[in-house]
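Note that ligands are numbered from 1 as they come in the structure, with each ligand's atoms numbered from 1 the same way. Values below: all heavy atoms of this structure, side chains included; hydrogens, waters and symmetry mates excluded. Small disclaimer: the values here were computed from a predicted structure and weren't measured.
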Amino acid sequence: MQTPTIKLNDGNEIPAIGFGTFQIPSDGSTYQAVKQALAVGYRHIDTAVAYFNEAEVGQAIKDSGIPRADIWVTSKLWLQDFGFEAATKAIDLSLQKLGLDYIDLYLIHQPYGDVPGAWRAMEAAKQAGKIRSIGVSNMTPKIWAQFVPEFKTLPAVDQVEFNPYFQQHALRAILAEHEVKLEAWAPLGQGNQSLLNDPVITSLAAKYGKNAGQVILRFENQEGIIVFPKSVHLERIKSNLNSFDFELTPAEMAQIRALDKNQGRHDPDAPGVKDLLLNAFDVHAND
Ligand SMILES: NC(=O)C1=CN([C@@H]2O[C@H](COP(=O)(O)OP(=O)(O)OC[C@H]3O[C@@H](n4cnc5c(N)ncnc54)[C@H](OP(=O)(O)O)[C@@H]3O)[C@@H](O)[C@H]2O)C=CC1
Ligand SMILES: O=C(O)C(=O)[C@@H](O)[C@H](O)C(=O)CO
């Protein structure tokens, strides 16, 4: 099954659904999950240097036998590598770990510190053909206003937390103005049971003969949002992808829109968040 694509503001077409790899360990599990995802039809993989699993992602892609041009690969620059020179080196290192000649989409993973220097390095890498599209992640309206007006190139995406309980209306208005696509991280609320068991979601699932995850992903897709749910279970890997063969009506979309609680698990504007993240993910710990 061919998955739909979404056109970015730089002209590239990204598969609307991909496979997320956060918290899948590098003990063979990432290799196995990505291999299974590709085998069942995913053509878009989301990874990051801070997930410590780029090498297994790259190996699974290589061993899949699928032509490189048919797979969209996203990776991300972590906080220790901001600034022009460090970012330039980090991009080459990610390419090396992935075993790829180019990355389709590369993101500023967390927007703190020398973001302008990192962005210039990403623009240069794009120019050099090492990256096809560049974007940002975890930019709130406040952080967007701090950095993006000075960027020479507009980001193609902002990858932020999004699910029916956290619909990011203020940010979406800004992104729409610039034709920047929203990518949803944690599109299933990281398995949030109250969301998955919400009566609005479960009643629609029963109506369409789908599961709750499929209804949530379909809602997000119909909102024009790019998703990449993560799972290490083959049945879920398959069912999450199989969420494009039914259509929610405008009234049903309105019902899910009404579930918004503007409630996320992560607040990028919170004081001290940069240090918390740096402590949690030290990408040079083993250098
Ligand atoms: N830019 C950023 O800062 C961030 C980016 N991301 C990216 O976004 C991706 C997706 O977000 P993620 O945080 O993984 O969260 P998701 O919303 O994709 O949820 C993943 C969790 O939900 C469970 N799950 C998967 N499918 C189903 C289903 N159909 N029904 C019920 N439970 C299900 C999984 O369990 P199991 O594996 O056991 O099936 C896992 O525990 C990440 O993997 C990563 O690539 C994520 C966080 C932050
Ligand atoms: O998973 C990611 O990509 C992250 O950046 C995480 O750090 C995420 O933002 C988080 O765990 C916040 O609490």
Side-chain angles (χ1 to χ4, degrees), residues 14-15 17-25 29-30 32-34 36-37 40 42 44-54 56-57 72-81 105-112 135-140 143 155 157-166 168 171 182-198 201-202 205 210-220 225-243 264-270 272-283:
I14 185 170
I17 186 163
F19 183 71
T21 64
F22 178 43
Q23 290 176 320
I24 313 185
S29 317
T30 299
Q32 188 190 0
V34 174
Q36 287 177 330
V40 303
Y42 287 82
H44 167 179
I45 310 294
D46 185 273
T47 183
V49 66
Y51 302 167
F52 303 98
N53 59 16
E54 285 172 305
E56 289 198 18
V57 167
W72 182 281
V73 181
T74 297
S75 193
K76 317 184 189 93
L77 184 69
W78 193 245
L79 289 160
Q80 279 103 339
D81 293 325
L105 174 63
Y106 197 71
L107 307 179
I108 298 268
H109 198 150
Q110 299 285 351
Y112 314 101
V136 298
S137 178
N138 294 301
M139 282 204 177
T140 60
I143 300 173
V157 305
D158 188 3
Q159 183 178 120
V160 295
E161 186 175 3
F162 182 96
N163 68 66
Y165 284 173
F166 191 37
Q168 299 272 14
L171 178 68
L182 190 147
E183 290 197 321
W185 68 250
L188 300 172
Q190 291 186 339
N192 177 345
Q193 287 305 307
S194 29
L195 173 63
L196 289 161
N197 290 307
D198 189 291
I201 303 294
T202 53
K210 290 284 173 183
N211 64 40
Q214 290 171 318
V215 170
I216 294 167
L217 294 169
R218 186 62 178 136
F219 164 73
E220 292 165 344
I225 285 165
I226 300 154
V227 295
F228 23 84
K230 167 264 177 187
S231 178
V232 290
H233 296 101
L234 183 57
E235 281 317 307
R236 285 177 176 172
I237 293 174
K238 279 193 212 162
S239 87
N240 290 341
L241 181 66
N242 185 22
S243 53
R265 50 193 317 129
H266 175 67
D267 176 7
D269 290 329
V273 67
K274 177 185 175 190
D275 290 334
L276 279 175
L277 290 165
L278 270 169
N279 290 332
F281 304 89
D282 181 356
V283 299

Asker: So among D46, I24, T30, which one has a side-chain contact (heavy atoms from CB on, under 4.5 Å) with Y51?
Answerer: D46
Asker: Which residue and atom name correspond to the protein heavy atom nearest atom 18 (O) of ligand 1, and how close is it?
Answerer: K230 N, 3.0 Å
Asker: How far is atom 7 (O) of ligand 2 from its nearest protein heavy atom, and which residue and atom is that?
Answerer: F281 CE1, 3.1 Å
Asker: Please confirm whether the backbone N or O of E161 pairs with a side-chain atom of Q168, one donor and one acceptor, at under 3.5 Å?
Answerer: yes
Asker: Identify, for atom 13 (O) of ligand 1, the protein heavy atom at the shortest distance, and state residue, atom and that distance.
Answerer: Q190 NE2, 2.7 Å
Asker: With only distance considered, is G213 within less than 3.5 Å of ligand 1 through an N or O on each side?
Answerer: no
Asker: Which of the atoms in ligand 1, numbered in the order shown and given with their element, are less than 4.0 Å from a heavy-atom of P229?
Answerer: 18 (O)
Asker: Tell me, which protein residue and heavy-atom name are nearest atom 39 (O) of ligand 1, and how many Å apart are they?
Answerer: S231 OG, 2.6 Å
Asker: Is the distance from the ring center of F166 to that of H266 below 6.0 Å?
Answerer: no
Asker: With the threshold set at under 4.0 angstrom, would you say Q110 reaches ligand 1 through any of its heavy atoms?
Answerer: yes
Asker: Going by the order shown, which atoms of ligand 1 are within less than 4.0 Å of some heavy atom of L188?
Answerer: 17 (O), 25 (C), 26 (N), 27 (C)
Asker: So, Y42 side chain and I237 main chain: donor-acceptor pair closer than 3.5 Å or not?
Answerer: yes
Asker: For residues G135 and P155, report the shortest heavy-atom separation together with the two atoms involved.
Answerer: CA-CB, 4.0 Å
Asker: May I ask you to list the atoms of ligand 2 that are less than 4.0 angstrom from any heavy atom of Y51?
Answerer: 1 (O), 2 (C), 3 (O)
Asker: For N163 and N192, run side-chain contact (heavy atoms from CB on, under 4.5 Å): C-alpha distance rounded to whole Å, both residues' side-chain angles, the deciding distance at 0.1 Å, then the answer.
Answerer: CA-CA 10 Å; N163 68 66; N192 177 345; 5.8 Å; no
Asker: Among protein heavy atoms, which sits nearest to atom 46 (C) of ligand 1, and what does the distance come to when rounded to 0.1 Å?
Answerer: W185 CB, 3.6 Å
Asker: Between S243 and N240, which heavy-atom pair has the shortest distance, and what is it?
Answerer: OG-O, 2.7 Å
Asker: For Y51 and ligand 1, answer yes if some heavy atom of the residue is under 4.0 Å from a ligand atom, otherwise no.
Answerer: yes
Asker: Hey, does L105 have a side-chain heavy atom less than 4.5 Å from the side chain of K76?
Answerer: no
Asker: What is the closest protein heavy atom to atom 11 (O) of ligand 1, and at what distance does it sit?
Answerer: A186 N, 3.0 Å
Asker: What protein heavy atom sits nearest atom 4 (C) of ligand 2, and how far off is it?
Answerer: H109 NE2, 3.4 Å
Asker: Using a 4.0 Å cut-off to any heavy atom of G191, which atoms of ligand 1 qualify?
Answerer: 19 (O), 21 (C), 22 (O)
Asker: Tell me which part of L196 gets within contact of ligand 1: side chain, backbone, both or neither, using heavy atoms under 4.0 Å.
Answerer: side chain
Asker: If you measure from CG on D282 to CG on L79, what distance do you get to the nearest 0.5 Å?
Answerer: 11.0 Å
Asker: V157 and side-chain contact (heavy atoms from CB on, under 4.5 Å): which partner among L182, V136, L107?
Answerer: L107
Asker: Quick one: which ligand 1 atoms are inside 4.0 Å of a heavy atom on D46?
Answerer: 7 (C), 44 (C), 45 (O)
Asker: If only atom types and distance count, is the side chain of Q32 paired as donor or acceptor with the main-chain N or O of S29 below 3.5 Å?
Answerer: no
Asker: Starting from atom 11 (O) of ligand 2, which protein heavy atom do you reach first, and at what distance in Å?
Answerer: F22 CZ, 4.1 Å
Asker: When you measure from atom 9 (O) of ligand 2 to every protein heavy atom, which one gives the shortest distance, and what is it?
Answerer: Q110 NE2, 3.3 Å
Asker: For atom 9 (C) of ligand 1, grab the closest protein heavy atom and report residue, atom and distance to one decimal in Å.
Answerer: F228 O, 3.3 Å
Asker: Would you mind checking which non-hydrogen protein atom is closest to atom 42 (C) of ligand 1, with the distance to 0.1 Å?
Answerer: F22 CB, 3.5 Å
Asker: Taking the side chain as every heavy atom from C-beta outward, state whether D267 and V273 have any pair of such atoms under 4.5 Å apart.
Answerer: no
Asker: Test your reading of the model: is there a side-chain donor-acceptor pair from N53 to the backbone of T21, 3.5 Å cut-off?
Answerer: yes
Asker: Quick one: does ligand 1 sit under 4.0 Å from the side chain of E161, the backbone, both or neither, non-hydrogen atoms only?
Answerer: neither
Asker: Indicate, as side chain, backbone, both or neither, the part of V160 found under 4.0 angstrom from ligand 1 when only non-hydrogen atoms are considered.
Answerer: neither
Asker: What are the atoms of ligand 1, with element, lying closer than 4.0 Å to any heavy atom of N138?
Answerer: 1 (N), 2 (C), 3 (O)
Asker: In terms of the angle between their ring planes, are H109 and W78 parallel, tilted or perpendicular, with boundaries placed at 30° and 60°?
Answerer: perpendicular
Asker: Tell me: protein heavy atom nearest atom 13 (O) of ligand 2, and distance?
Answerer: H266 ND1, 3.5 Å
Asker: Going from CD on E235 to CD on Q36, what distance comes out if it is rounded to the nearest 0.5 angstrom?
Answerer: 10.0 Å
Asker: Please could you name the atoms of ligand 2 that L277 approaches to less than 4.0 Å, counting only its heavy atoms?
Answerer: 7 (O)
Asker: Calculate, to the nearest 0.5 Å, the distance between atoms CG and CG belonging to L196 and L188 respectively.
Answerer: 6.5 Å
Asker: Which distance, rounded to the nearest 0.5 Å, do you find between the NZ of K210 and the CG of N242?
Answerer: 4.0 Å
Asker: Any idea which part of R236 is under 4.0 Å from ligand 1, heavy-atom wise: side chain, backbone, both or neither?
Answerer: side chain
Asker: Does ligand 1 have a heavy atom under 4.0 Å from the side chain of S137, from its backbone, from both, or from neither?
Answerer: side chain
Asker: At less than 4.0 angstrom from any non-hydrogen atom of G189, what atoms of ligand 1 do you find?
Answerer: 17 (O)
Asker: When only distance counts, is V232 in polar contact with ligand 1, meaning an N/O pair under 3.5 Å?
Answerer: yes
Asker: Run V215 and R218 through side-chain contact (heavy atoms from CB on, under 4.5 Å) and show every step you take.
Answerer: CA-CA 5 Å; V215 170; R218 186 62 178 136; 5.7 Å; no
Asker: When only distance counts, is K76 in polar contact with ligand 1, meaning an N/O pair under 3.5 Å?
Answerer: no
Asker: Look at atom 29 (N) of ligand 1 and say which protein heavy atom is nearest, naming residue and atom and giving the distance to 0.1 Å.
Answerer: N240 OD1, 2.9 Å
